Enquirer: 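Have a look at this one before I ask anything.
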Amino acid sequence: MTKYVFVTGGVTSSLGKGIIAASLAKLLQARGFKVTIQKFDPYINVDPGTLNPYEHGECFVTEDGAETDLDLGHYERFLNTFTSQANNVTTGRIYQTVINKEREGAFLGKTVQVIPHITDEIKRRMQLLAKEGFDIIITEIGGTVGDIESLPFIEAVRQLQWELPEDDCLVVHLTLIPYLRAAKELKTKPTQHSVRMMSENGVHPDILVCRTEHPLSNELKAKLALFCNVKTDAVIEAADASSIYEVPLLMQQEQLDIICLKKLNITWYPEPDLTIWKGFLSKLNNPKSEVNIGLIGKYIELQDAYKSILEAFIHAGAMNECKVNIVNVHSEFIDTENVESKLNGLDGLLVAPGFGHRGIDGKILAVQYARENALPFFGICLGMQMSVIEFARNKVGLAGAHSTEMDSNTPYPVIDLMEGQKNITNKGGTMRLGSYPCKIEKGSLAYEVYQSEVISERHRHRWEFNNDYKESFKAAGLKASGINPETDLVEIVEIPGHPFFIGVQYHPELKSTVEAPHPLFVHFVKAAKAFSKRKAIV
Ligand code: GLN
């Protein structure tokens, strides 16, 4: 029997519903339950794959090639389990399914309506993963209570609560308790209104998780409980944490998991085993060294654009007992004059993924700087493609070499569109997506990192290394050390002789978790540490 926990948000967005959902899931998983988390997003795009990072932050990609909300990244990083297409559903996808069915004649003779047809489809998807034997499914409802577009989702929760046995469903409402500095007071009114609004729609929260910058007194908790009609022990304080990875422990102190289990009428549960998690936190909080890594990208002012990369550095830093300071370098503003002053002082360079030509020249200059100065270099997707272009121009002698994404008339298309992509015009879900195998050459840096000849990594791109140039690259010193065994596509390039220079066509950051930090990030940080030491000696 699967139980359902719904997480809604009130008062404002960006309260960290994803982190609260993931933290609760972590605690339940640590107690031995099989848990998954899914996110229902009220916007009309079928998936976030067509949204730019300014709109929606990073697009996370699952093993099965779904382009999803970045919260799925948190779910995977916390739980160390994979999510899939079924874990992220949008209004667009719901309507698309219902409309396709209508065209097939599934509702012949009937008027198709939000209730029951849209809500039925939402409920079907809310329960879909139960087939996989989960004890508890946590569903995060995107947006904020009161938004017009989230209404069908709230209504679906109401119906499910009405249909299922009473103790099979539970609603956790995440809310903000603002502090008014002038009055020196925490205010409960916005939460009261948010709960009332939800109640008007027939859904009443069982638990309030209150984001706050100041501790909640018992008095205030009692007031919230009374006015919002929840039990006093179900008012949970969620204080600001120094790291998102502290939140499961904060929630454990507040007994969020136990209160949930009680409400779901689960009476037997073992003590949570958080040994690995705590071990990670202790390393994270007690670094023995420090490195500065330059993140070269064009969205650096956006916290969420490179979310998985930043988190992967946190995992890898802890593994190395090293504090990784990320130095954001805007690729659009790097030029030949300032490249030295901007990058000098760094211990490693990561050139970020991306699309389109903005900031490309800066990325190419950054690669050149890393290559010529023995600075550890790590290129991901577009970053890898830039390393190939830089090498082509400056080492192979192919002046004007480029990717046909940025220059369709380049004399040397060293990065080119895959044959299979050439006739695709639709933009949604048509890239090379999801996990693909890669065969690694023994004796290469990639092999040293992975310690395995066959790996599998996730992709999200249309362009590829052009195999016509493979031999010229090899002769000039850039080796293709990882190849897709089925398609012969180049997945990894490296420069033997450089202390650490690697570019990967895939996205390793998507598979780094607290319990399994990604080896590429771990080795890159290690190389940065070594660079920093060498620098100190010189
Ligand atoms: N724009 C490049 C491509 O489509 C790289 C994509 C990426 O970095 N994710 O191939």
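In listed order, ligands and their atoms are each counted from 1. Predicted, not measured: the structure shown is a model, and the values here were computed from it.
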Enquirer: With sequence neighbours excluded, tell me which residues meet side-chain contact (heavy atoms from CB on, under 4.5 Å) with Thr91.
Expert: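 Applying side-chain contact (heavy atoms from CB on, under 4.5 Å) to Thr91 gives Pro42, Ile44, Tyr95, Phe153.
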Enquirer: Verify whether one side chain among Tyr369 and Glu390 offers a donor that lies under 3.5 Å from an acceptor in the other.
Expert: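 Side chains of Tyr369 and Glu390: no pair found under 3.5 Å.
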Enquirer: Please table the atom pairs, donor to acceptor, closer than 3.5 Å between any side-chain atom in residues 374-385 and protein atoms at least two apart or in another chain.
Expert:
from   : atom 1 : to     : atom 2 : distance (Å)
Gln385 : NE2    : Trp463 : O      : 3.3
Gln385 : NE2    : Gln505 : OE1    : 3.3

Enquirer: Answer yes or no on whether Arg432 is positioned over the face of Tyr436, meaning its NZ or CZ is under 6.0 Å from the six-membered ring centre and within 45° of the axis.
Expert: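 Yes.
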Enquirer: Return the protein residues near ligand 1 (heavy atom under 4.0 Å from any of its atoms), ordered by chain and residue number.
Expert: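 These residues qualify: Pro353, Gly354, Phe355, Cys381, Leu382, Gln385, Glu405, Arg460, His461, Arg462, Trp463, His507.
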Enquirer: Which pairs count as ring pair (Phe, Tyr, Trp, His ring centres under 6.0 Å) when at least one residue sits in residues 331-361, sequence neighbours excluded?
Expert: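 Found His330-Phe333.
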Enquirer: Check this for me, if you would: do Glu76 and Arg458 make a salt bridge, where the nitrogen-to-carboxylate-oxygen distance has to be below 4.0 angstrom?
Expert: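 Salt bridge flag = yes for Arg458 with Glu76.
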